[in-house]
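Below is one structure, written out as structure tokens; comments come after it.
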Amino acid sequence: MKFSIITPCKTRDIKKLKTLQVSIEQQHYLDIEWIIAYEADPKVPFSKLTSESIQIKTISIPQSTPGSALYKAVSLSSGEYLVFVDADDLLFPNCLSQLSNLLNSNEFDIVDLSNYPTYEPAKTIFGELQKNKYYLPKWGGEKTEKNDLDKPPFSTLDFEDSKKQALPKFSSYRKNKRLHVFTEQLNLTGKVIRNTLFPRNKLLYGLTNPIFYSDMLMVTIGQKINTYTKLIFPSYIKIRHNDPINDPSLTQTESSQMWFYMISNWLETLPYLSNKIWKTKYIHQCVDYINIYLCSALAKPENMGTQINSILDLLRTWLSITGQEAQETAKLTTRWLLRPIAKKEDKKAIHRSKIIKFLRQINRLRQSDHRSLKSVSKLCYQYIFTKLPIKQNVILYESFLGRNISDSPKYIYQFLKENYPGKFKHVWVINPEFTNFPANNSNTVFVKRFGFRYMYYLAVSKYQVINMRQPKWFQKRENTTLLSTWHGTPLKHLVFDMDNVASANPLYKEVFYHQSRQWDFLISPNQYSSNIFEHAFMYPKKQMLPSGYPRNDILNAPNKIEKTKKIKSKLGIPQDKKVILYAPTWRDDDYFEVGKYKFTLKLDIGKLRNKLSNDFVLVLRTHYFIANHLDTSEFGDFIFNESSYDDIAELYLISDVLITDYSSVFFDYAILKRPILFYVYDYEQYADVLRGFYLNMSKDLPGPLLKTSDDVLDALEHLDSVQNKYADRYHLFSSRFNAWEDGHATERVVNKVFRNL
């Protein structure tokens, strides 16, 4: 039995073919031909692929569309079965060998290889498979419903067991049961189809559609067959695109283009739906797209471009064919939109974005339970508060999503209060559990995050000073100023420099891009950070403030000794004891859910206490992302768990030595010229598998890399030797990263951002 693997390839995906080639070669099946139809581009030469185990055919197509590339590739095929694999996807090793056994023993016209959807890059997934692990990264796709035997348990894939199967397990869908997987049957990728079933009529291939394949093809095939077969264990890895800005998938194209061709696709497909049940199901699916996606697009008419009238005409034509069935299936928002369009009564209905937004919010409110108060307050923000006049003297501050009053926003706030008393009304965003209010808080208001007062001040404030990111729905108003102070010099890869975003929102890059476009200024602590922010955030240098971090001014304050004594006294730390600050970061691959990370204390605190407790105490400060609270009570008065302490700069000030790992805290701490130890027990895993680093840790860091607790203890017992050994590297490090940190960063920022003082 021969398989013809069909891969249409856009220019930007040519570079991904090498990884796919290795995946195909690992099928360990001899009778394979791989046909690649790629978009000809003189600027991107195609390097011919060669292989000893598989036959590779390539064809170049100038100005190709997915449909035309598909047609050309299929016309060259000679296998009994066609296997459709996108250029950026992968096949599980041995899946074709197993499939050939299944097809030899059963008469199947079409087999769905069952997608394993993931936002991990192909190279990461492939690396996991190479290691023969028993799991794959946790972006496994849909949640498995109880008693749903057709869906595999994605979070616990037993890959090793699957490889041993002679015949893969499958589910067969017949008659009405096929409607349960109707949407999946319309997708071409990840399907194995008998070659003789494939229509040879060129019109079926969506030759004019430059965005995606036409549904006509799978509708035509689907209505011919009686049984739809789907493997239970996933054998096809579907790589979803996590960077719609630089590497968009076909369906992440500009909204206006996508909807023009989407509705065109619906119109082209309808005549091929001879089965009444299929036609009804297809119409309902189209309405679902309108309910969920088109209304969202129309709520932002600026994203719809110049094709909006063409989209309107196409939608009207589609409605005239589908009749009342489509309108009756629609939800409240969609009905309001579709009826006047269908009757040609209101050609401007599509422009009523505000009403669409309002109706969609009402729908959400109706479906909402515990989040209803937030939904109502957000409605007030969008439709009432943003219409009020901007208050020129109001500054809104937020640090670490309202967890505390800290970081650079805190020091900007203090500077303005001390130097311009009474000039501003200061508004701090806090979480409900916050209790540590500053002693002198005149002209200061504290508002609960996402409450009504928060929404009001967010809308009317002239200035917003934030150290992370503003909410996705934030509407920056004209003549206001948004200052991003950010919160650290980067060691680990950020945003657009990251391949792996497994622990973040899969649309993280797109969301970050649109949020950062609203920043008027971005504080940079050093030239190194400016260079990284430019490509990692895709943020223009001309809008960066080369000032240093305001939060670090305290580390150069002339009264450091007095401040140290006060902070120690406040924390109950003996004045005659030296302080070890242990500040580890979170791990990308160890989390409860998105944004909530686990941490296990690997440092042997008991051993340190036994050897050092006469002279030292240890202050523990975990990253604010870490959700589990560590119990350190067994170590008595040797350890102070200050993970919730507001201001880490004050902990720097009282400490005599820092122990960290991959946290950026050491960049700031180096200003003090005190010893730094790097406890990196998982260095190989963290550096190679997870996000990677901008620095060479073994060459650039101002301290030793220590792998065990014994190594840490030895370094603490010989700190003078450690300092002497790393003195030259420490000097180079400080010159490179702390040249701007002179104690006047806050003043520079205030003079630039608040120009009219």
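By convention here, the first residue in the shown sequence is residue 1.
Side chains of Thr58 and Lys48: a donor-acceptor N/O pair is absent below 3.5 angstrom, by distance only. Residues Asn265 and Thr269 have side chains that bring a donor and an acceptor to within less than 3.5 angstrom of each other. Side-chain contact of Asn195 with Ser77: a donor-acceptor pair under 3.5 Å is present, judged by distance alone.
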Which is it for Ile290 and Trp318 under the side-chain contact (heavy atoms from CB on, under 4.5 Å) test, yes or no, and what are the steps along the way? CA-CA 12 Å; Ile290 296 173; Trp318 182 80; 3.9 Å; yes
Give the intermediate values and the outcome of side chain to side chain donor-acceptor pair (under 3.5 Å) for residues Ser698 and Asn696. CA-CA 6 Å; Ser698 62; Asn696 184 325; 2.7 Å; yes
Run the side-chain contact (heavy atoms from CB on, under 4.5 Å) test on Tyr173 and Gln185 for me, step by step, so that the C-alpha distance in whole Å, both residues' side-chain angles and the decisive distance to 0.1 Å come before the verdict. CA-CA 11 Å; Tyr173 300 87; Gln185 293 177 75; 6.0 Å; no
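Tyr282 pairs with exactly one of Asn275, Thr183, Asp215 by the side-chain hydrogen bond (donor to acceptor under 3.5 Å, both in side chains) rule, that one being Asp215. Exactly one residue among Tyr513, Phe512, Phe496 makes a ring-ring contact (aromatic ring centres under 6.0 Å, His included) with Phe537. That residue is Phe512.
Taking CD1 from Ile35 and CD1 from Ile6, the interatomic distance works out to 4.0 Å, rounded to the nearest 0.5 Å. The distance from atom CG of Asn115 to atom OG1 of Thr189, rounded to the nearest 0.5 Å, is 6.0 Å. Rounding to the nearest 0.5 angstrom, the gap separating the CZ atom in Phe108 from the CG atom in Leu99 is 9.5 Å. Here Leu49 contributes atom CG and Leu17 contributes atom CG; the two are 6.0 Å apart, rounded to the nearest 0.5 Å. Taking CD from Glu510 and CD from Gln515, the interatomic distance works out to 11.0 Å, rounded to the nearest 0.5 Å. The structure places CD1 of Ile311 at 11.0 Å from CE of Met262, a figure rounded to the nearest 0.5 Å.
Other residues, nucleotides and ligands place no more than 12 heavy atoms under 6.0 Å from the NZ atom of Lys15.
Taking all atoms of both residues into account, the shortest heavy-atom contact from Lys57 to Glu33 is NZ-OE1, 3.0 Å. Across all their heavy atoms, Ser51 and Gln21 have their closest contact at CB-NE2, 3.7 Å. For the pair Met1 and Asp31, the tightest heavy-atom approach, listed with the atom from each and the gap, is O-CB, 3.5 Å. Of all non-hydrogen atoms in His241 and Asp88, the two that sit nearest each other are NE2-OD2, 2.5 Å.
In this structure, the ring of Phe84 has its center less than 6.0 angstrom from the ring center of Phe198. Ring centroids of Tyr662 and Phe693 are separated by less than 6.0 Å, placing the two rings close together.
Salt bridge status for Asp13 with Lys10: absent, with no side-chain N to carboxylate O gap under 4.0 Å. Under a 4.0 Å N-O distance rule, the pair Asp247/Lys16 qualifies as a salt bridge.
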